[in-house]
Amino acid sequence: MRKTVLVLALALVACGPTPRSLTVAEAERLALVRFANYTTGVRAFTASVPSPGGRLLLDGRVDFVNHRGNAGMRTDGRDDAFSRGLLQWNLGKVAFAMAPSADWQVRELQERGSELDGSLRLLVNLGADRPENAQLLLQSSARWLRSDKVGDTAVDVFEGPKQQNAAEARVRYWLDSDGELRRLEARLGNSEELAVFDFTGSGGAVEVIPPLAS
């Protein structure tokens, strides 16, 4: 009998919590994420982004009011001249330089086909000057997934609404009890791996070169 109880207990632990629809309070909490980012202004972040050339590791800041960011980038497991550099970007363009003293190369952000461009566009779109509609979120496919932790901070993990005709949601929000976004997970392009963005605190002003300042 004891063995049967133990097996059942282990099975329940293995299954974990069952994802469910949002409560009203959770929908209101999720609706405030982008507005809270906008109110904060600038946040420091680290990111791990899967790409065909290797996992890209970013360490930088994003300005949710002016929708621009800058970061250092390196490719995990590589140490060649083309595996690292500096990035600056806004809603439509990205600039890259191999070193602080090097010339910046500016191009348009790709709409699709680039995990890096998708991650940069996602970051600068995470701020809005007003909350989302909590009632629409409540009626959407958004779900509570589980309780978890980011470091020592307890969070709830939410899955955002699915895009129209999509088989699965592409974004997960890790929110603390105050509604602050501590981590974001996103499925970019055709990658099976998730990109992971950790928000590590407030930051100073985000400086960019003139072509990206407007």
Side-chain angles (χ1 to χ4, degrees), residues 33-34 36-128 150-151 153 160 163 170-174 180-214:
V33 170
R34 284 176 170 80
N37 285 338
Y38 185 90
T39 302
T40 300
V42 177
R43 295 189 69 185
F45 75 92
T46 60
S48 174
V49 180
S51 78
R55 183 166 285 272
L56 304 175
L57 305 177
L58 309 180
D59 188 343
R61 291 169 295 165
V62 57
D63 181 339
F64 295 117
V65 175
N66 296 298
H67 305 288
R68 59 198 189 196
N70 59 30
M73 181 187 73
R74 65 183 179 86
T75 309
D76 191 30
R78 290 176 52 187
D79 198 26
D80 55 276
F82 300 99
S83 66
R84 62 183 63 239
L86 303 172
L87 294 169
Q88 299 181 7
W89 69 98
N90 60 18
L91 289 168
K93 295 180 181 179
V94 58
F96 175 79
M98 295 182 66
S101 58
D103 292 334
W104 288 93
Q105 303 172 32
V106 182
R107 62 169 175 80
E108 300 291 322
L109 278 174
Q110 296 181 33
E111 288 288 339
R112 58 189 61 192
S114 168
E115 287 81 3
L116 174 62
D117 287 22
S119 68
L120 301 182
R121 178 178 281 106
L122 177 62
L123 279 167
V124 291
N125 275 296
L126 280 174
V150 177
T153 302
Q163 296 177 336
R170 303 188 71 83
V171 181
R172 296 175 183 172
Y173 303 86
W174 297 51
E180 182 176 329
L181 182 63
R182 295 303 187 108
R183 174 175 292 168
L184 186 82
E185 294 177 320
R187 195 174 303 280
L188 302 171
N190 296 318
S191 176
E192 292 298 318
E193 295 182 78
L194 292 173
V196 179
F197 307 85
D198 281 338
F199 297 95
T200 56
S202 58
V206 175
E207 301 294 337
V208 294
I209 57 176
L212 303 179
S214 57

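All values below come from the heavy atoms of this structure, side chains included, with hydrogens, waters and symmetry mates left out.
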Nearest-0.5 Å distance that lies between atom [atom1] in [X] and atom [atom2] in [Y]:
X      : Y      : atom1 : atom2 : value
Leu120 : Asn90  : CG    : CG    : 10.5 Å
Lys93  : Leu109 : NZ    : CG    : 10.5 Å
Leu123 : Leu91  : CG    : CG    : 11.5 Å

Stepwise side chain to side chain contact (heavy atoms under 4.5 Å, CB included) check, Tyr173 with Leu184
CA-CA 5 Å; Tyr173 303 86; Leu184 186 82; 3.5 Å; yes
In chain order, what residues pass the salt bridge (charged side-chain N to carboxylate O under 4.0 Å, His left out) check against Asp59, with sequence neighbours excluded?
none
[X] vs [Y] side-chain heavy atoms within contact, under 4.5 Å:
X      : Y      : value
Leu116 : Ser51  : no
Phe45  : Asp198 : no
Tyr38  : Val65  : yes
Glu180 : Arg43  : yes
Gln110 : Arg121 : no
His67  : Asn125 : no
Asn66  : Val208 : no
Glu115 : Pro52  : yes

Side-chain (Asp63) to main-chain (Ala205) donor-acceptor, under 3.5 angstrom
no
Given 3.5 Å as the limit, does a donor-acceptor pair link the side chain of Arg61 with the main chain of Gly204, or not?
yes
Minimum heavy-atom separation for [X] to [Y], with atom names?
X      : Y      : result
Arg68  : Ala213 : NH1-O, 2.9 Å
Leu58  : Ala71  : CB-CB, 4.5 Å
Arg170 : Leu188 : NH2-C, 3.7 Å
Val106 : Ala95  : CG2-CB, 3.9 Å
Gly92  : Glu108 : O-OE1, 3.3 Å
Ala186 : Phe197 : CB-CE1, 4.3 Å

How far apart are the C-alpha atoms of Val62 and Leu126, what are their side-chain angles, what is the distance that settles it, and do they pass the side chain to side chain contact (heavy atoms under 4.5 Å, CB included) test?
CA-CA 9 Å; Val62 57; Leu126 280 174; over 6 Å; no
Worked verdict on Glu185 versus Trp174 for side chain to side chain contact (heavy atoms under 4.5 Å, CB included):
CA-CA 8 Å; Glu185 294 177 320; Trp174 297 51; 3.3 Å; yes
Run the side-chain donor-acceptor check on residues 79-88: report pairs under 3.5 Å with partners two or more places apart or on a different chain.
from: Asp79; atom 1: OD1; to: Arg84; atom 2: NH2; distance (Å): 3.2
from: Asp80; atom 1: OD1; to: Arg78; atom 2: NE; distance (Å): 2.9
from: Asp80; atom 1: OD1; to: Arg78; atom 2: NH2; distance (Å): 3.2
from: Asp80; atom 1: OD2; to: Arg78; atom 2: NH2; distance (Å): 2.9
from: Asp80; atom 1: OD2; to: Phe82; atom 2: N; distance (Å): 3.1
from: Asp80; atom 1: OD2; to: Ser83; atom 2: N; distance (Å): 3.3
from: Ser83; atom 1: OG; to: Asp80; atom 2: N; distance (Å): 3.3
from: Ser83; atom 1: OG; to: Asp80; atom 2: O; distance (Å): 2.7
from: Gln88; atom 1: OE1; to: Ile209; atom 2: N; distance (Å): 2.7

Applying side chain to side chain donor-acceptor pair (under 3.5 Å) to Trp89 and not counting sequence neighbours gives none
Tell me whether the count of non-hydrogen atoms from other residues, nucleotides or ligands lying under 6.0 Å of CZ in Arg107 goes above 12.
yes
